[in-house]
Amino acid sequence: MAAPNSTEHAPKRRKVRQDSGSVTIGGKVISVAGYLSSSSSKPKQAEASNLKSTPSNDSQEQPSQATPQQPPKSAPRERNETHSKSRNAGGAKENPLLKARRELPIWQHQDEIRTVVKRAGTDVIVIVGETGSGKSTQVPQFLYQEPWCKRHKVKLPGRQEEVYVGGMIAITQPRRVAATTLAQRVSIEAGTPLGKGRPDGLVGYSVRFDHQVPKGTRIKFLTEGTLLQELLRDPYLRQYSAVVIDEIHERSLDVDLLAGFLKQILFGDQTQRGGIPLKVIIMSATAEVGVIQEFFGRAAAEGREKGSNVELLRIKGRQFPVTILYEPRPVPDLQDALLKKIFKVHVEEPLPGDILAFLNGQEDIEAAQRLIEEYATTLASNVPKIVAVPLYGQLSIEAQSVAFRPAKTPRTRKVVLATNIAETSVTVPGVRYVIDCGKAKVKQYRPRLGMESLLAKPISKSSAVQRAGRAGREGPGKCFRLYTEDAFNSLQDSDLPEILRNDVLGAVLTMKARGIQDVMAFPLMDAPEPAAIEMALLHLHFLGALADDGTITAAGQTMARFPLSAPLGAVLLAAAGPEFDCVLEVIDAISCLTSGDDIFMHVHSEEGQEEVEAYRKDVQRREGDIITYLTTMQMYAAENSDRIDWCKKRKINIRNMKQALNIRRQLRGMCLKEKLLSEMPPPDPQPFTPLSPEKAESVIKCFLRGFAMRTAMLAPDGSFVTVHGKHVVAIHPSSVMHGQKKEAIMFLEHVYTNKNYAKKVSAIQATWIAEALGR
DNA sequence: GAGCACTGC
C-alpha cells in the first residue's frame, strides 16, 4: 500500500510562498522561520507599524511550487528541550527553532492546555485558535510527553494475551499537503527530522500513497480519510492516547463522521480500551463552536452523572483590523457595482495595496477582466495603472501564479478577480482591499432526483468574515461588501456542512462497514434528512452492499475497503466475476475517472483546438467516455519515449495523469490482496493493443452494475429521457458522445447548471439496462 | 457547443 516515492506527485499548487517567514498551504500558515536565518523571524506586528512593503519590492514572492522545505543539514537537536521549562532559559545561543515557537501566540497557553487535557474527566477540549496561532504544530508537541500519553499493556475482555493501548497522538487534517508538511515541520522541531533514512523518530504521517511512520512515532499526522480507514481495522483506536481533530470548522463529510465515531468511543464501552481513556482535542479556526460543544457536551450529560465535560480554550491569532463598508441599498447589477467599486478604490485609496474581489465563477471573472482592461486604457497618465488578474481553480498553475506575483510595472495596482479559491485555499499577498459580491457557486446533491446542482447562492456570515479577513493579512485593510448591512445580517451563520450537501451513499457505507446497525441513530453534529439516508440504503442494497435485512454483505465490506465511491466499488467487483473478467481494464478506466479534475484539459483557442483534437483522435472511442479514458490510460502506460510530450500534444493534464497511474497501482495491489486479481500484471510499458469491441462491451456492462440508475433513452424528438425520473438530459459538450444519437446512454455524473447535463457518457443498448436492473 | 468552489480513502 505504501508508495514511498510518491511525494513528488503531491499536489503543489496550493502551496504559496507568503512572506519570508511563512508559507500558506491549504489555508494554513506555516512558519518556516526555523529554516531560515534567525533575522527573518521577526514578529509580524512589528513589521506592520512601519509597513513599507510594496508589491514591487517583494521580488521573492512567488508560489514555491516544487520545493518542499528541506530541513537544514544539521537539524538542531532539542528533543529534551521541547518539554522542559526552557521558556525562561533565554540564553545567548538560543535555538532559533525554539525561539520561533516561543513567539507563537499558543506558546503562552501550553501549561493551560496541558492542565486541562490532563484533568480527569475532561475528555474533550475545544481549542479556538485564529490563523497563525500555531495550534497545529504546537498542541501535539505540548502533549506527547504527558504521563497519560504513555503506552499501556492491558488485558481486554474475552482475550487471553495482553495488548497495548495508547502511546500515540493522532492529528487529522482535511488535506494531504497540510498533513505531510506539518509532519515535516514538527519532526524538525521535535529533533527527529523525517525523510533522512532514519529508522526511528517522534513524528510521522500517513496519507494516501504516502506513509512515513518511523519506529517510535508519538505524533502522527493523518488526513481525515486515512483515520476513517484505520477505524475499520481498529474500531477503538487503541493505538492512540489522544486524537486531535484540526480544522473542524471546514466541516468536511469525513470530519463529521469522525466526530460521530469519537463520540461513540468516548462514551461507549471503556473496557475495549482496557479502561485507558481517549482524549479528544477539537481545533477550530472560527469561533462558531456551539454545535461542537453541544454535540460532545450532550454526550457527556447522557453518559456521565455530571454535566458537560467539554472545555473551551480561545487563542488569539495575528490579524490586523479590517474596516467593513456596506452598500446603502441593494445593488441592481452586481457586475456593474463591482466595476464601479474597483475604480473608486483605485482612484481614492493609496498605493501600495492590491484589490482582491470575490466573484461567482469563471464566466463573471472573464467578463470583469475584459471590462477592467477596457477601462484601464482610459486612465489619465497621472493616475496609477491598474491590472486585472484572474484566479480560479480551472486555470493552469502558471496562470494562477500571476495572481501571487506583484504587478510587473511600477505604480500599478493589481486587481485579483477570484472565486472562493482565495477564501481559504490560497493567500494572495499584498492585498489591502477586498470587494465581496456576497455569492459563491455551491454544489448541492438532490437525493430525490439523484442529481447535483451547481448554482450561485448567497454566502454565509462566516464566509463573509473570512473574505474580509483577507484584507488584514499584512496591515489594516478595508472590505467593501456589495450588499447592505441588513443583507449581511440575514445571511446564514455558517455554510451548510458537506454532509447536508452531498450524497450520503459513501457515508452510510462507512457506518455500516464499521458496525453501525442503525445509521439513523448514529450521532452526527448535523443529521441528513431521513429520506436522504433511506435513498442511500436502497441504493446500497441495489449495489449488493447490503443484504435484505440491511446488514452489510461481504461485497459491501470489500467495497468499503476500497478508496472508491460505492458504485465504482460495485463496478470493480462485477469486473472480477467470471461473466465479465475485465478487472485490469476497469481499473484503467476508474483510475482516470477518479484522478481529480478531468485529465482532458479544455482547449480555449480555436486553432489550437483543431490540432489537439487531431492528436486526441487516437484515444477517443465511439463507445463513449469510459472506453476513451481506458484507452488513454493504456496508451499512456505504453508510451515509452516521452510521456510529458505525449500529454502536452493531447492537452492531457500531466499531474492528473500521474495521479491516475498512482491510483492504478494502488487499485491493482488492493485487488490482488482482495483476490479480485489472481496475479500482478506485467510492469509497464507493455505494447498497446486496442481494446476489442467485445471487451469494451464487457467493461461498459460492468459499469452498468453500478450505474444502471443513471441511464437515459433516446426519445422520438431526439432528446434523452432518464429511465429513473423521466427527466430530459443533454449530453455535456465535454463528452466524446456530445451531439450523437444512440438508442440509450449511461452517464456517471448528472449535474444541473443552466441545463440538465449528463457527463462521462457511454453508448449502451436498451436491453442491457433491464439486464443490469433485473439481476 | 458548455463555461464549474474545494477536498479525500
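These numbers were taken from a predicted model, which means no experiment stands behind them. Lettering follows sequence order; numbering is per chain, from 1. Only this structure's heavy atoms are used, side chains among them; waters, hydrogens and symmetry mates stay out.
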Query raised in the report: So what does A:Leu564 touch, heavy atoms closer than 4.0 Å: a base, only the sugar-phosphate, or nothing?
Result: base

Query - Sugar-phosphate, base or nothing in reach of A:His732, heavy atoms under 4.0 Å - result: base

**Report entry** Protein-nucleotide distance (A:Arg514, atom CZ; B:dC9, atom P), rounded to Å
**Finding:** 13 Å

Query raised in the report: For A:Leu222 and B:dT7, what is the distance between atoms CG and P respectively, to the nearest whole Å?
Result: 19 Å

Requested in this report: Starting from the 5' end of DNA chain B, give me the residue, A:Gln229 or A:Tyr757, whose nearest nucleotide shows up first.
Outcome: A:Tyr757

Query raised in the report: A:His738 side chain: which of B:dG3, B:dC9, B:dG1 is closest?
Result: B:dG1

Report summary line: side chain to side chain contact (heavy atoms under 4.5 Å, CB included) filter on A:Val736, not counting sequence neighbours, yields A:Gln620, A:Asp625, A:Thr628

Query raised in the report: Is the NZ atom of A:Lys439 crowded by more than 12 outside heavy atoms at less than 6.0 Å?
Result: no

Requested in this report: Identify whether any heavy atom of A:Ser252 sits under 4.0 Å from a base atom; if not, whether one sits that close to sugar-phosphate; answer base, sugar-phosphate or nothing.
Outcome: nothing

Query raised in the report: Touch check for A:Ser734, heavy atoms < 4.0 angstrom, all strands: base, sugar-phosphate only, or nothing?
Result: nothing

**Report entry** Plane angle bin for A:Tyr757 and A:His732 - parallel if under 30°, tilted between 30 and 60°, otherwise perpendicular
**Finding:** perpendicular

Query raised in the report: Do any side-chain nitrogens or oxygens of A:Thr223 fall under 4.0 Å of OP1 or OP2 in B:dC9?
Result: yes

Query raised in the report: According to a strict under-4.0 Å criterion, is A:Thr753 in side-chain N/O contact with OP1 or OP2 of B:dG3?
Result: yes

Report summary line: Residues at least two apart in sequence or cross-chain that pass side chain to side chain contact (heavy atoms under 4.5 Å, CB included) with A:His750, listed by chain then number, are A:Met451, A:Arg710, A:Thr722, A:Val729, A:Phe747, A:Asn756

Query raised in the report: Which part of the nucleic acid, if any, lies within contact of A:Val207, taking any heavy atom under 4.0 Å across all strands shown: a base, the sugar-phosphate backbone alone, or nothing?
Result: sugar-phosphate

Query raised in the report: Of A:Arg446, A:Gln444, A:Lys441, which is the lone residue that meets side-chain hydrogen bond (donor to acceptor under 3.5 Å, both in side chains) with A:Ser453?
Result: A:Arg446

Query raised in the report: How many Å lie between CG on A:Leu253 and P on B:dA5, as a whole number?
Result: 21 Å

Query raised in the report: At under 4.0 Å, does any side-chain N or O of A:Lys441 touch on OP1 or OP2 of B:dA5?
Result: no

Query raised in the report: Considering heavy-atom distances to DNA chain B, does A:Phe562 or A:Arg501 have its closest nucleotide positioned more toward the 5' end?
Result: A:Arg501

Query - d(CG, A:Leu455; P, B:dA5) in whole Å - result: 13 Å

Report summary line: Considering only heavy side-chain atoms of A:Arg208, the closest of B:dA5, B:dC9, B:dA2 is B:dC9

Report task. Select base, sugar-phosphate, or nothing to describe what A:Glu363 touches, counting heavy atoms under 4.0 Å on all strands. Result -> sugar-phosphate

Query raised in the report: Using a cut-off of less than 4.0 Å, is there contact between a side-chain N or O of A:Asn754 and OP1 or OP2 of B:dG3?
Result: yes

Requested in this report: Quickly work out the A:Asn502 CG to B:dC6 P distance and round it to whole Å.
Outcome: 15 Å

Query - Sidechain N-carboxylate O distance under 4.0 Å for A:Arg251, A:Asp526 - result: yes

Query raised in the report: What is the distance from CD of A:Glu224 to P of B:dC6, rounded to the nearest Å?
Result: 18 Å

Query - Residue A:Arg175, side-chain heavy atoms: nucleotide from B:dC4, B:dA5, B:dG8 that is nearest - result: B:dG8

Report task. Rounded to the nearest angstrom, tell me the gap between atom CZ in A:Arg561 and atom C1' in B:dC9. Result -> 14 Å

Requested in this report: Select base, sugar-phosphate, or nothing to describe what A:Leu228 touches, counting heavy atoms under 4.0 Å on all strands.
Outcome: nothing

Query raised in the report: Separation of A:Leu232 atom CG from B:dG8 atom P, in whole Å?
Result: 20 Å

Query - Side chain A:Lys759 and base B:dC4 donor-acceptor under 3.5 Å - result: yes

